[in-house]
Amino acid sequence: MPKATSRRDFLKTVMATGLTLATTGIAWKEFNQLFILEPYTQEVRIAKLEVERWVPSVCPYCGCGCAILYGVKGGRIVSVRGDPEGWNKGRLCVKSASLADLWLPTSKGIKDRLRKPMMREPSKRGTLKDFKEVTWDEALNYIVEKVKEYTKITAGDKTAFAIYGSGQVSTEYHYLQSKLGVIGLNVNSDNNGRLCQATKVMGMVISYGIDAPPMSFDDVYYTDNLFIIGFNIAETLPNWFAKIVDAKIKRGADLKIVVVNPVRISATRILDYETGDRFIPIMPGTDVPFLNSLAYVVINELEGVNERYGGDTDKWLDDVMKGFVKPKYIDVDFIERYCTFYKGDYQILAKLGKEGPTIFNAIGVGAGINGFREFAKFVSKFKPEDVSALVGVPPEEIRETARIFVRGRKTMSIYLQGYGQASNGVSKHLTLSTLHLITGRIGTIGAGVMPTVGQPNGLGQRIGGAVVGRLPGNRNHPVPAHRATLAKAMAKGIPEIEKKILDRIEMTVEGKNLSRLAFTAVDMFKRIKDGTIKGVWIVCTNPLVSFPNVTLAFDALKNAELVVVQDIYWNETAAYADVLLPAAALSGESTGTFFNAERRVQILEKAVEPPGDSLPDEIILLAFIYKYLKALEKEGRNDEAAFIRFLAEPFYKGYEELFENVQVNIKQLREVAPEIQSKIFSELAEISKGVPANDFSGLSYERLRKERDAKGLKGFQIPVPSPSHKGTERVYDESYEATYKQRFATPDGKARCFIWDYVPPAERPDAEYPFILILPRVYEHWHTRTRTGRCALPHKLKPEPWISLNLTDAAKLGVKSGDLVEVASKRGRVISRVLVDDVRTPREGVVWMPWAYGFFGDMLLGEPESPPGTRTANLVSNDAYDPVSKQPELKFAAVKIKKVM
Ligand SMILES: Nc1nc2c(c(=O)[nH]1)N[C@H]1C(S)=C(S)[C@@H](COP(=O)(O)OP(=O)(O)OC[C@H]3O[C@@H](n4cnc5c(=O)[nH]c(N)nc54)[C@H](O)[C@@H]3O)O[C@H]1N2
Ligand SMILES: Nc1nc2c(c(=O)[nH]1)N[C@H]1C(S)=C(S)[C@@H](COP(=O)(O)OP(=O)(O)OC[C@H]3O[C@@H](n4cnc5c(=O)[nH]c(N)nc54)[C@H](O)[C@@H]3O)O[C@H]1N2
Ligand code: SF4
Ligand SMILES: [Mo]
């Protein structure tokens with residue numbers, strides 16, 4: 001291909017074809033100046049529009065949490081730009097640069113908004129027809145009548161109603177979902193965070209004692225070796241990736257980058273293979289044996305145990321303990337001081353949620369070097385030659401990767417869904433973390449493991465306590481002391497309330513203390529399908545596109561007695577709703593906070609009025625609760641009502657009249673919303689006091705609005721334990737230890753290291769289903785495309801789904817680019833267009849297909865298929881999940897492929 005002549009030409013080529021540098025013939029430095037570093041996207045939409053004012057907010061898309069400014073004119077959003085005071089220093093990306101499209105008066109973005117509450121007969125589910133506009137009070141009263149019956153029925157440890165929420169609403173909403181829904185009404189509650197972050201959360205809780213992504217975006221400037229694992233960062237957290245590109249340009253070969261991914265993702269474009277950067281096209285699912293083999297190389301080869309001790313790690317460690325040898329890479333002091341060792345055992349660890357940390361006693365193998373002895377002995381069987389065929393990486397590549405891992409002291413691993421969405425995902429996290437711990441490459445600037453958050457408020461949903469296993473303040477549900485301090489903080493000194501709250505979050509069964517846990521997402525939908533749970537309220541998520549083995553979600557929603565959908569757009573899930581509730585879009589039309597992937601909490605301010613009768617998510621839930629407790633009182637369920645009143649009153653007090661008649665008070669409710677949201681935030685902040693790594697009791701809306709952090713940036717990285725505190729860049733490092741008097745948040749202050757054998761994915765390819773299918777994301781689209789599918793540029797760049805095959809597989813199947821194929825698993829089938837792409841799809845037998853497209857078809861033209869349609873990739877995905885985190889296996893399905901046209 002000839003060298004591109006202009007930046008724009010080049011960008012067009014790259015974005016349209018996704019070609020790599022190798023095929024464009026452009027040097028990587030030049031490429032990055034063109035593609036990544038130039039904030040070209042900022043120019044795309046600003047188009048020199050005159051605006052009246054710029055309103056600060058946060059991008060509604062990825063976990064980067066970029067600060068943005070909405071340009072408002074005549075009461076409408078007409079432009080968006082990156083906020084120069086944000087950590088992103090004004091940078092946007094293709095998705096955020098297109099945001100203003102959503103408010104263009106002629107666009108589908110504005111036309112397709114939900115504007116009025118609507119209802120219809122449940123028998124009409126399956127189409128978008130037959131909805132009738134109703135008032136807010138009619139819709140909410142209808143839900144109240146149903147829910148007050150469901151909360152009389154037991155379903156699992158909870159009642160027969162469920163909320164299925166999202167890591168994309170405000171922290172304030174999450175706290176209400178938890179405080180009023182889980183504790184107040186005792187309903188089942190889980191979020192799309194189960195599909196997104198559960199493995200990382202459980203991984204961190206197990207290894208470090210609490211859920212907190214430990215590092216900062218800026219660590220990529222300080223690390224010597226950056227491992228990008230199962231993470232398509234250039235497309236999914238692009239503005240963090242921009243820092244990596246910047247660091248690489250500044251540091252060249254001093255910064256080594258290793259990409260571990262079965263797909264040659266866009267981030268590999270910045271690799272400089274000549275100076276030792278590496279792309280490791282690992283076989284899907286085999287990260288644990290790969291990591292164990294790295295440990296083998298470090299111990300047996302680089303430390304010389306094979307050469308000098310004939311591979312006898314015990315003898316070597318005897319000499320180490322006697323001081324005869326000093327290991328170069330294994331950090332004996334760190335292990336002695338900070339590590340305990342456990343045997344990886346899914347059956348035992350799966351009991352953590354119910355039984356709490358006592359389960360660790362059953363798998364402990366020793367503290368310090370004693371425990372490490374077992375680890376070293378165990379990894380002796382992972383010689384590169386012995387695992388090479390399984391992991392699909394040549395032995396010399398494994399060796400070279402191990403050498404890079406221990407090159408210098410600063411190694412940083414960042415990972416995302418290649419680890420998260422795997423039925424063996426928790427074992428992947430724990431093995432990776434152990435490698436960092438035993439080599440002491442953790443807890444200093446530029447060294448450690450960073451499990452990344454994908455959703456804009458993925459962390460906020462954990463801090464709010466909306467997902468199973470987390471309690472407000474991001475407390476650990478299984479830890480009795482965490483439950484007790486929460487009940488105390490929430491009860492405000494009233495003993496009966498404290499007892500009641502405790503009762504709601506724990507109970508005694510047959511004399512055995514069992515925690516009260518709700519069903520996690522997949523089990524929740526199974527219980528809706530079988531009728532155990534009668535009704536579900538779906539908020540800010542589109543499960544009929546995004547759910548694993550989506551047929552399960554279709555069956556569940558077909559069978560439910562009540563389906564409420566609260567969204568900003570008509571989407572696929574709305575087609576199965578009985579009650580549709582129009583929400584204000586948090587980013588742009590409402591106020592609230594997001595916690596990003598580096599623990600930075602920022603405020604989003606309302607820029608414009610939401611369309612039609614839509615209301616902020618928090619106001620909708622409060623209005624429901626207000627009417628619910630009135631209905632309970634009417635029925636004589638006074639104790640229940642009093643308890644819920646105690647929990648909810650601080651937020652609606654003074655506005656009772658407005659909630660009494662929502663429909664006539666829409667305007668006023670919107671006006672008072674920021675005050676209510678601020679109160680909710682302050683209460684949660686107060687409750688977070690004392691929780692390790694999650695304390696933000698020093699923050700308020702006022703501080704978020706007026707103050708800047710130590711670097712002069714918007715937002716603060718938590719913990720922020722006092723009103724004068726400026727935020728914490730890293731947790732579990734030396735300064736964290738000095739402040740909080742212990743390094744890790746486990747009872748003994750030590751990190752838990754694990755010895756894991758390979759646990760294969762839930763399903764393996766076989767003669768009938770010979771291919772491994774990965775379902776990843778693309779740069780241009782956000783999830784189920786309800787927004788990016790309605791924006792011109794992202795839609796134009798990626799209008800339809802495709803399946804990427806390499807040349808060998810395409811030849812075997814007799815297909816070429818552009819052909820249509822049917823892709824089928826044991827669970828379902830889809831039709832997709834073939835893209836033969838040897839560059840990005842290097843592994844024979846491994847294919848990938850973006851999963852963003854549902855039965856709505858082309859959103860800009862509006863051509864829905866009849867559900868479930870032929871394009872919803874999740875018709876083939878697997879709902880098997882990791883036994884500890886319950887996060888489903890969205891990255892691995894065995895499929896067969898045949899040509900259809
Ligand atoms: N443009 C865009 N950005 C997004 C989103 C979006 O929808 N669009 N969504 C956001 C959200 S909520 C999330 S959770 C993140 C997700 O962000 P990512 O995790 O970066 O995205 P994915 O494409 O889902 O998949 C991750 C990668 O894992 C690799 N992989 C698959 N199996 C394995 C394996 O066994 N081992 C290893 N090592 N790698 C494997 C895949 O090839 C893929 O490149 O993105 C966030 N950012
Ligand atoms: N095969 C496969 N499936 C996957 C994944 C994968 O990698 N592969 N990834 C999984 C992951 S990590 C995630 S996070 C999920 C994401 O899956 P979903 O959460 O289902 O995807 P979204 O399209 O982001 O859905 C958000 C919905 O909220 C609406 N919305 C936007 N703003 C607001 C608001 O302010 N208020 C309200 N009430 N609604 C609003 C949008 O219109 C949209 O309908 O998908 C999961 N599914
Ligand atoms: S999508 Fe992510 S990287 Fe892009 S502007 Fe939004 S938050 Fe930043
Ligand atoms: Mo996610």
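Every number for a ligand or one of its atoms is a count from 1 in the order of the listing. Worth saying up front: this structure is predicted, and the values here are computed from it rather than measured.
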Item to check | Pair Arg278-Glu397, salt bridge (charged side-chain N to carboxylate O under 4.0 Å, His left out): steps then yes or no | outcome: CA-CA 8 Å; Arg278 309 207 97 65; Glu397 280 293 289; 2.8 Å; yes

Next on the checklist: Would you say that Ile265 contacts Val259 through its side chain, given a criterion of any heavy-atom pair below 4.5 Å between the two side chains?
Outcome noted: yes

Next on the checklist: Students often mix this up, so state it plainly: with edges at 30° and 60°, are the rings of Trp782 and Tyr61 parallel, tilted or perpendicular?
Outcome noted: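 Geometry flag for Tyr61 against Trp782: tilted rings.
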
Checklist entry - How about Gln602 and Asn596: does a side-chain donor come under 3.5 Å of a side-chain acceptor? => result no

Checklist entry - Do Glu572 and Asn542 have a side chain donor and acceptor closer than 3.5 Å? => result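 There is such a pair (donor and acceptor under 3.5 Å, judged by atom type) between the side chains of Glu572 and Asn542.
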
Checklist outcome for this item: On a heavy-atom basis, the closest approach of Asn571 and Leu128 is O-CD2, 4.3 Å

Item to check | Over all atoms of both residues, closest heavy-atom pair of Leu586 and Leu604 | outcome: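 Scanning both residues, the minimum pair turns out to be CG-CD2, 4.1 Å.
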
Below 3.5 angstrom, do we get any N/O pair linking [X] and ligand 1?
X: Val260; result: yes
X: Gly285; result: yes
X: Glu780; result: no
X: Thr286; result: no

Can you check whether [Y]'s main-chain N or O pairs, donor with acceptor, with [X]'s side chain at less than 3.5 Å?
X: Thr872; Y: Val545; result: no
X: Glu618; Y: Glu172; result: no
X: Glu889; Y: Ala762; result: yes

Near [X], which atoms of ligand 1 are under 4.0 Å from a heavy atom of that residue?
X: Phe231; answer: 20 (O), 27 (C)
X: Lys428; answer: 34 (C), 35 (O), 36 (N)
X: Glu235; answer: 1 (N), 2 (C), 3 (N)
X: Ile265; answer: 44 (O)
X: Val263; answer: 42 (O)
X: Tyr779; answer: 1 (N)
X: Pro284; answer: 35 (O)
X: Asn232; answer: 20 (O), 44 (O)

Checklist entry - Around ligand 2, what residues show up once you keep those with a heavy atom under 4.0 Å from it? => result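 Near ligand 2, by chain and number: Gln168, Asn192, Leu195, Cys196, Gln417, Gln421, Gln455, Cys540, Thr541, Asn542, Ser546, Gln566, Asp567, Ile568, Tyr569, Asn571, Ala583, Ala584, Ala585, Leu586, Asp617, Leu775, Arg777, Trp782, His783, Thr784, Thr786, Arg787, Trp851, Asn874, Leu890, Lys891.
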
Item to check | ring pair (Phe, Tyr, Trp, His ring centres under 6.0 Å), paired with His429, selected from Trp756, Tyr415, Tyr419 | outcome: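 Option passing the ring pair (Phe, Tyr, Trp, His ring centres under 6.0 Å) with His429: Tyr415.
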
Next on the checklist: Is the positively charged end of Arg113 above the ring of Tyr569, judged by distance under 6.0 angstrom from the centroid and angle within 45° of the axis?
Outcome noted: yes

Checklist entry - Which residue pairs satisfy the ring pair (Phe, Tyr, Trp, His ring centres under 6.0 Å) criterion with at least one member in residues 81-103, sequence neighbours excluded? => result Tyr70-Trp103, Trp87-Phe217

Checklist entry - Which N, O or S atoms belonging to the protein are less than 2.8 Å from atom 2 (Fe) of ligand 3? => result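 Near atom 2 (Fe) of ligand 3, the protein supplies Cys62 SG.
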
Next on the checklist: side chain to side chain donor-acceptor pair (under 3.5 Å) for Ser166 and Thr541? Distances and angles first, verdict last.
Outcome noted: CA-CA 6 Å; Ser166 166; Thr541 176; 5.4 Å; no

Run the side-chain donor-acceptor check on residues 281-290: report pairs under 3.5 Å with partners two or more places apart or on a different chain.
from	atom 1	to	atom 2	distance (Å)
Thr286	OG1	Met283	O	2.8
Asp287	OD1	Lys428	NZ	2.9

